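Down below is the structure, laid out as structure tokens.
These numbers come from a predicted model, not from an experiment.
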Amino acid sequence: MRKMVKKKIAGVCLCLILGLLFIITESKIFLALLSFLLMIIVIEVIRIGLLKKKCSFQLLMQTSGQKKEILKGKLIVHNNSIFPVIDAYCKLHVKNVLTNKGYAINVPFALKAKHSEEFPLEIISEHCGGLRITVDQVNYLDFSRSFKTTKIIGTSIKSTIFPNMITENNRWDFSARMNQDSTVYSEYKSGHDPGEIIGHKEYSPGDNIRYIHWKLTAKIDKTMVKELGFPVDDTFVLFYETKLPHENITPDTLDDYAAQFASIALYLVEQRVLYTIAFYNSEKKSCEFHKVGSEQELYNIFTDLFDQVRVVDDKSSLNDCLFEEEQFGVLYYFALDEVVIPNTINHEVVVIPYLTKGIENEE
């Protein structure tokens, strides 16, 4: 910046000196030099003005990745002007919505007239969360780098950085809370309810001999057992806290909280438990409910979950959610801090405390 100011001052001084010399000497040489210099300045102003109108920008990034790993993308610049881009740079801003932390990236580029080019990008996030990458502005410089012109762009794209998850030795047993008398049966898990037979399979060691289908066994001369239905309470809810109890919550804590929640959610999928994830969306000012039946569905939910803008509030986001329309048996609330369950929730609530050290040996 200081160099640019010095160059501007030097340019102005040069014009004044040439003008003064022409007045004193009336020499056409000084007039020609002054005219040439002013002509170059006018051409540069016209060139950069056209570039501002004729250049366009496209941002492409990986839709997802892991924290502390390279997220690859590219900035595509299209120069539709008859003038080349001699010296310019794009200012990008990367923000993690989960931790509310961000940083800027400058991407310098030069481009021939009527030409397009791709400029590679590599982004590494120290924490999981929803990333918003924005092309804030582009700065065009003249050939001497004595002045620049800025154009606001505002093009943005989203990517999701998933946490490192551990599902082994999960410390919470959810099976005891499952509604064994439910008339709703899991599409993903076989069980032990003789009232609902979902199929048959050939006997293998470990199968309960009480479930042998003797008629079918005698008919095909193979030992066949019944696959019994597993009754589930399909309104089993796992609630994710999107509010912050105070401003002193660190990015590491938010990252670890998300990792612990995601690990529990993935563990339930691996156990073929049908359940619902709920969270309060502060931008939409409404509570969202998403049924989870597969790992792909879970990762799709994570994309929205980790992109939630967080606000500081000493009251849990449970206070902002209405559960009357959502019928469920048990609400598991994964607490970021101590919580007072609101009186408006007329359901059983089980609080899962967040462990401060969390997944400390994940890598």
Side-chain angles (χ1 to χ4, degrees), residues 63-66 97-98 128-130 158 160-180 182-191 193 196 198 229-242 255-282 284 286-308 316-318 320-336 345 347-352 354 358-359:
T63 57
S64 62
Q66 295 288 328
V97 180
L98 179 72
C128 68
K158 295 182 180 180
T160 304
I161 303 299
F162 294 114
N164 299 327
M165 294 175 283
I166 296 177
T167 59
E168 295 84 358
N169 302 320
N170 186 72
R171 67 184 189 277
W172 294 98
D173 181 15
F174 294 86
S175 60
R177 298 283 179 176
M178 300 291 289
N179 184 3
Q180 304 299 324
S182 174
T183 58
V184 179
Y185 290 83
S186 172
E187 300 176 7
Y188 311 94
K189 183 177 182 179
S190 58
D193 187 348
E196 182 75 12
I198 62 175
F230 187 79
V232 298
D233 186 343
D234 65 337
T235 52
F236 173 103
V237 172
L238 185 63
F239 193 88
Y240 180 84
E241 181 59 75
T242 55
D255 178 271
D256 198 41
Y257 173 83
Q260 290 186 45
F261 181 91
S263 297
I264 293 173
L266 183 59
Y267 167 81
L268 292 172
V269 170
E270 291 177 349
Q271 298 302 309
R272 297 184 178 180
V273 175
L274 182 65
Y275 67 103
T276 297
I277 284 180
F279 61 90
Y280 180 71
N281 189 320
S282 59
K284 295 181 180 178
S286 62
C287 199
E288 296 190 14
F289 297 86
H290 300 274
K291 289 186 180 297
V292 185
S294 67
E295 188 170 327
Q296 184 58 54
E297 290 176 351
L298 179 61
Y299 276 90
N300 290 340
I301 295 168
F302 285 161
T303 300
D304 292 332
L305 196 65
F306 299 146
D307 195 50
Q308 295 303 306
S316 165
S317 58
L318 284 171
D320 302 297
C321 292
L322 298 175
F323 298 99
E324 284 77 4
E325 297 180 1
E326 297 289 333
Q327 300 299 318
F328 58 89
V330 181
L331 171 68
Y332 283 94
Y333 174 75
F334 191 49
L336 182 58
I345 302 181
H347 300 83
E348 181 183 359
V349 179
V350 178
V351 177
I352 304 177
Y354 159 70
I359 307 169

Inter-residue atom distance [X].[atom1] - [Y].[atom2], 0.5 Å rounding:
X    : Y    : atom1 : atom2 : answer
D320 : Y280 : CG    : OH    : 4.5 Å
Y267 : M165 : OH    : CE    : 15.5 Å
T276 : F289 : OG1   : CZ    : 8.5 Å
T160 : D304 : OG1   : CG    : 8.0 Å

Closest non-hydrogen atom pair between [X] and [Y], with its separation:
X    : Y    : answer
I161 : Q66  : CG2-C, 3.6 Å
F239 : L331 : CB-CD1, 3.8 Å
C287 : C321 : SG-SG, 2.6 Å
L98  : G129 : CB-CA, 3.8 Å
K291 : I301 : O-CD1, 4.0 Å
A335 : V351 : CB-CG1, 3.8 Å

(request) Could you tell me whether the side chain of V237 reaches within less than 4.5 Å of the side chain of Y333, counting heavy atoms only? (result) no
(request) With side chain to side chain contact (heavy atoms under 4.5 Å, CB included) as the test, would you mind laying out the steps for I352 and I264 before giving the verdict? (result) CA-CA 10 Å; I352 304 177; I264 293 173; 4.3 Å; yes
(request) Look only at the side chain of D255 and the backbone of C128, and say whether a donor-acceptor pair between them is shorter than 3.5 Å. (result) yes
(request) Look only at the side chain of E241 and the backbone of F334, and say whether a donor-acceptor pair between them is shorter than 3.5 Å. (result) no
(request) Quick one: sort the Y257 and Y240 rings into parallel, tilted or perpendicular, breaks at 30° and 60°. (result) tilted
(request) Could you tell me how the ring of F302 sits relative to the ring of F306: parallel (under 30°), tilted (30 to 60°) or perpendicular (over 60°)? (result) parallel
(request) Could you please spell out the steps behind the side chain to side chain contact (heavy atoms under 4.5 Å, CB included) verdict for V97 and Q308? (result) CA-CA 7 Å; V97 180; Q308 295 303 306; 5.9 Å; no
(message) I'd like to know if the side chain of S64 pairs up with that of Y299 as donor and acceptor (distance under 3.5 Å, no hydrogens or angles considered).
(response) no
